[in-house]
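Here it is, the structure, as structure tokens.
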Amino acid sequence: MKWLYTWLAILQFAWMNLKRNRMTTGVSSSIIMVVLWLFGGWLQASHWLDTWLRPYRESFILYVYLMEGADDGQRVAVERWLHESPLVRTWQFISPAEARRRFVEMFPEFQSLMDSLQTNPLPAHYEVRLAPERVEAQSLRRLAASLQRLPGVAGVDYQQWWVERLATLFRVVQWGGLVVGGVLAVMALFTVANVIRLSFFARREEVQILSLLGAHPWHVRLPFYLEGVLLGLLGSLLAATLWFLSLQGANWYLRKLTMAYWSVQVQLPVLYSIGQWILGAGVILGLLGAVLALWMMRAEGTA
Amino acid sequence: MRAAIIQTFQLGHTYDRRRWLFRDVNLVIEPGDFVFLTGPSGAGKTTFLRLLLRELHPTEGQVLVMGQNLRAIPDARLYRIRRQMGFVFQDFRLIPTYTVLENVTLLLRLMGVPPKEQRQRAIRTLQSVGLGGLWRSSPPALSGGEQQRVAIARAIIHNPKILLADEPTGNLDPEMSLEIMRIFVRINASGTTVIVATHDDRLIRMVGGKLYAIERERIQWVDQRPINPSLLPTEVL
């Protein structure tokens with residue numbers, strides 16, 4: 001029970017201090033709110049992008065064309081390679097006869113043309129379906145190049161143009177978000193750190209008294225860490241609320257718009273677990289800010 | 001002779017290595033002593049008390065408190081020895097945004113003492129310094145003497161073995177100064193070692209006890225007189 005009373009006292013110290021410095025608390029939690037709201041937006045945008053592009057990624061097929069006269073040993077080598085590659089989900093061998101049948105089935109108007117040919121122009125090949133979560137331009141390029149080098153392989157084809165464009169799109173969203181988010185996070189971090197520093201200087205005498213009275217060093221430090229966590233939590237709660245309301249607003253507007261023009265209700269999918277991420281990020285941001293503040297003060301010799 | 005509660009060996013301190021406040025101090029304070037440390041302003045009285053609390057490290061020599069060499073105690077464990085001590089400042093150093101009760105229970109709250117017990121102990125301690133009814137008040141609303149008594153209550157609520165007071169009557173009138181001394185004598189009568197740094201000779205003469213003076217870089221024993229019986233609580237008499 002003793003530890004519980006101690007924790008309650010520490011929590012009380014931290015909370016009272018936040019209340020006492022309402023102005024700085026308000027400003028810093030607002031900054032955290034904006035940063036985390038953007039963070040939530042970025043996560044949501046990444047989720048939408050992933051959701052919308054998943055069908056495309058799942059339909060990616062890589063074709064490995066074999067040379068005419070490729071023997072069984074060469075086929076086994078290709079299959080072993082496909083079996084071992086983590087990018088490959090399934091594959092299927094398509095013989096020239098099967099390729100021809102499929103072609104005719106797909107384009108019946110060319111039946112007579114195919115019949116008129118003395119030889120089957122369609123090569124034996126493998127249809128390789130890829131694991132969508134691993135489809136990524138560079139690894140695909142490497143896989144294609146490796147297969148290309150195998151004896152008996154005439155060529156490798158995949159929707160390189162699409163893959164490259166998708167990869168670029170993902171890179172822009174991810175790196176753009178990371179850079180902007182990183183800058184904003186650093187801003188928020190220093191804001192929290194400075195609030196904690198101000199709070200420390202305002203309570204310097206109290207800290208000194210506590211220390212002289214025999215408070216454990218952690219009992220003196222913890223309220224400041226907790227203050228950072230509470231600041232982060234406060235900012236993140238505001239951010240999560242704002243994020244939720246923004247999405248509800250966006251969906252309401254979209255529904256209204258699509259109903260008016262197409263008489264259908266279109267809604268953006270909302271990933272509610274982002275709320276937890278926002279809260280978690282807020283707590284971590286607040287704690288890191290407090291750690292940074294105490295570290296800076298120690299380095300300056302003021303704490 | 002009883003085992004010393006505070007002992008110094010070749011203790012010396014200087015802030016700038018040019019002017020020494022004191023050097024080669026070998027002092028023995030026994031449990032239950034009432035000690036006055038006197039000397040002019042800037043002589044090093046506060047510094048000596050800060051060395052006893054290990055707020056400062058001595059430039060040379062050692063300080064032993066309750067048999068423990070302060071220099072050898074790691075920072076993280078210093079709180080243990082400080083909990084055996086209480087400290088009273090000249091300027092009271094109460095937290096103005098807290099009530100009297102919150103100021104007095106500051107340490108108890110962090111020590112995990114249940115709120116009911118905290119309150120009981122605080123009110124009991126405040127009563128012992130004559131402020132039983134003021135626990136809800138805010139420090140700025142109190143007089144200097146009352147504030148100092150709150151500070152004393154804060155310093156003794158955890159039953160320290162040693163009470164250090166730095167010019168505790170410096171901001172008080174003679175009548176209130178004597179009242180504060182009466183409280184210190186009563187605390188001392190319950191077994192707590194009391195060390196008071198002051199330059200108020202009148203008060204020293206009035207109270208009695210052991211007297212040390214900081215003079216010419218030395219802390220010297222000057223006098224020892226019995227505590228003035230008129231200041232002692234009736235149960236001791």
Side-chain angles (χ1 to χ4, degrees), chain A residues 1-25 195-196 198-227 229-230 290-291 294-295 297-303, chain B residues 46 49-50 52-56 65 73-89 91-99 102-119 139 150-151 153-166:
Chain A
M1 268 320 249
K2 245 179 146 181
W3 63 268
L4 185 67
Y5 289 126
T6 302
W7 270 100
L8 279 174
I10 290 169
L11 193 66
Q12 208 178 6
F13 280 130
W15 180 245
M16 276 171 73
N17 205 40
L18 283 178
K19 265 173 63 184
R20 213 185 296 163
N21 306 317
R22 281 199 192 99
M23 185 69 183
T24 46
T25 303
V195 168
I196 302 291
L198 281 175
S199 162
F200 183 88
F201 287 123
R203 290 170 58 193
R204 211 169 175 175
E205 195 163 283
E206 190 181 329
V207 166
Q208 198 192 8
I209 292 166
L210 277 173
S211 176
L212 288 177
L213 285 176
H216 191 283
W218 274 107
H219 291 162
V220 178
R221 270 180 239 145
L222 270 174
F224 294 103
Y225 289 122
L226 217 54
E227 206 178 310
V229 169
L230 286 175
V291 170
L294 291 180
W295 177 80
M297 285 188 291
R298 279 186 159 208
E300 291 162 0
T302 47
Chain B
T46 303
L49 296 185
R50 289 177 74 190
L52 297 187
L53 276 166
R54 217 197 76 177
E55 223 194 327
L56 287 175
V65 175
I73 300 174
D75 286 346
R77 265 189 267 151
L78 195 59
Y79 74 98
R80 290 186 186 168
I81 200 108
R82 283 187 178 163
R83 280 187 190 176
Q84 309 288 326
M85 301 160 108
F87 198 88
V88 179
F89 305 89
D91 52 357
F92 328 131
R93 299 221 197 158
L94 299 174
I95 298 162
T97 49
Y98 290 177
T99 63
E102 285 167 340
N103 267 286
V104 173
T105 55
L106 208 54
L107 183 62
L108 297 188
R109 285 156 79 189
L110 291 174
M111 282 165 73
V113 175
K116 201 177 161 189
E117 193 187 326
Q118 280 177 33
R119 209 175 124 131
V150 174
R154 182 180 63 186
I156 61 169
I157 194 166
H158 55 290
N159 302 319
K161 292 193 168 69
I162 302 166
L163 180 66
L164 307 174
D166 186 15

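Throughout, a chain's letter reflects where its sequence line sits, starting with A, and its residues are numbered from 1.
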### Query
In chain order, what residues pass the side-chain contact (heavy atoms from CB on, under 4.5 Å) check against B:Asn159, with sequence neighbours excluded?
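If we apply the side-chain contact (heavy atoms from CB on, under 4.5 Å) test to B:Asn159, skipping adjacent residues, the hits are B:Arg121.
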### Task
Please check if the side chain of B:Arg154 supplies one atom and the backbone of A:Leu213 the other of a donor-acceptor pair under 3.5 Å.
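Side chain of B:Arg154 to backbone of A:Leu213, a donor-acceptor pair under 3.5 Å: no, none is there.
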### Residue A:Ile209 versus chain B: region with a heavy atom under 4.5 Å
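Contact with chain B is through the side chain of A:Ile209 alone.
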### Query
How long is the gap from CD on A:Glu300 to CH2 on A:Trp295, to the nearest 0.5 Å?
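Here the interatomic distance stands at 9.5 Å.
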#### Entry: Between CZ on residue A:Phe200 and CG on residue A:Asn17, distance to nearest 0.5 Å
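Reported to 0.5 Å precision, the distance equals 11.5 Å.
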### Task
Of all the heavy-atom pairs spanning B:Val88 and B:Ala155, show the shortest one and how long it is.
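So the minimum-distance heavy-atom pair works out to CG2-CB, 3.8 Å.
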### Task
Could you tell me which of A:Arg203, A:Gln208, A:Met16 has the largest number of non-hydrogen atom pairs under 4.5 Å with chain B?
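Ranked by heavy-atom pairs under 4.5 Å with chain B, first place is A:Gln208.
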### Message
I'd like to check B:Arg119 versus B:Thr105 (side-chain heavy atoms, cut-off strictly below 4.5 Å). Are they in contact?
### Response
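The answer is no, as the side chains (C-beta and beyond) never meet within the 4.5 Å cut-off.
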### Query
With a 4.5 Å heavy-atom cut-off, do A:Leu198 and A:Asn21 have their side chains touching?
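A:Leu198 vs A:Asn21: side chains apart.
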### Query
What parts of residues 77-87 of chain B touch chain A if we use heavy atoms and a cut-off under 4.5 Å?
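The stretch touches chain A at B:Tyr79, B:Arg82, B:Arg83.
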#### Entry: A:Leu11 CG to A:Thr6 OG1 distance, which is reported to the nearest 0.5 Å
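Nearest 0.5 Å value for the CG-OG1 distance: 12.5 Å.
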### Any side-chain heavy-atom pair of A:Thr25 and A:Val195 under 4.5 Å
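SC-SC contact between A:Thr25 and A:Val195 ruled out.
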### Query
Say you draw a straight line from CG of B:Leu107 to CD1 of B:Ile157; how long is it, rounded to the nearest 0.5 Å?
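That separation rounds to 9.0 Å.
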### Query
Relative to chain B, which segment of A:Glu206 carries a heavy atom at a distance below 4.5 Å: side chain, backbone, both, or neither?
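Backbone plus side chain of A:Glu206, per the 4.5 Å heavy-atom cut-off to chain B.
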### Task
Give the minimum heavy-atom separation between B:Pro139 and B:Pro96, together with the two atoms involved.
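B:Pro139 and B:Pro96 have their closest heavy atoms at CD-O, 4.0 Å.
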### Proximal component of B:Leu110, with respect to chain A [non-hydrogen, under 4.5 Å]
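For B:Leu110, heavy atoms of backbone and side chain both lie under 4.5 Å from chain A.
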### Query
In residues 111-118 of chain B, which residues are in contact with chain A at a heavy-atom separation under 4.5 Å?
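Within residues 111-118 of chain B, the residues that come under 4.5 Å of chain A (heavy atoms only) are B:Met111, B:Gly112, B:Val113, B:Pro114, B:Pro115.
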### Rounded distance (nearest 0.5 Å) linking atom CG of B:Leu94 with atom CG of B:Leu106
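If we round to the nearest 0.5 Å, B:Leu94:CG and B:Leu106:CG are 10.0 Å apart.
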### Query
Can you tell me how far OH of A:Tyr5 sits from CG of A:Leu8, rounded to the nearest 0.5 angstrom?
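Going from CG on A:Leu8 over to OH on A:Tyr5, the span is 8.5 Å.
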### Query
By number, which residues in residues 217-225 of chain A have some heavy atom less than 4.5 Å away from chain B?
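Within residues 217-225 of chain A, near chain B: A:Pro217, A:His219.
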#### Entry: Structural part of B:Arg54 lying under 4.5 Å from a heavy atom of chain A
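Answer is neither: B:Arg54 stays 4.5 Å or more from chain A.
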### Query
Can you find a pair of side-chain heavy atoms, one from B:Val150 and one from B:Phe92, that are under 4.5 Å apart?
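Side-chain contact under 4.5 Å: no.
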### Query
Do the non-hydrogen side-chain atoms of B:Leu53 and A:Leu212 ever get within less than 4.5 Å of each other?
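With C-beta onward as the side chain, the pair touches.
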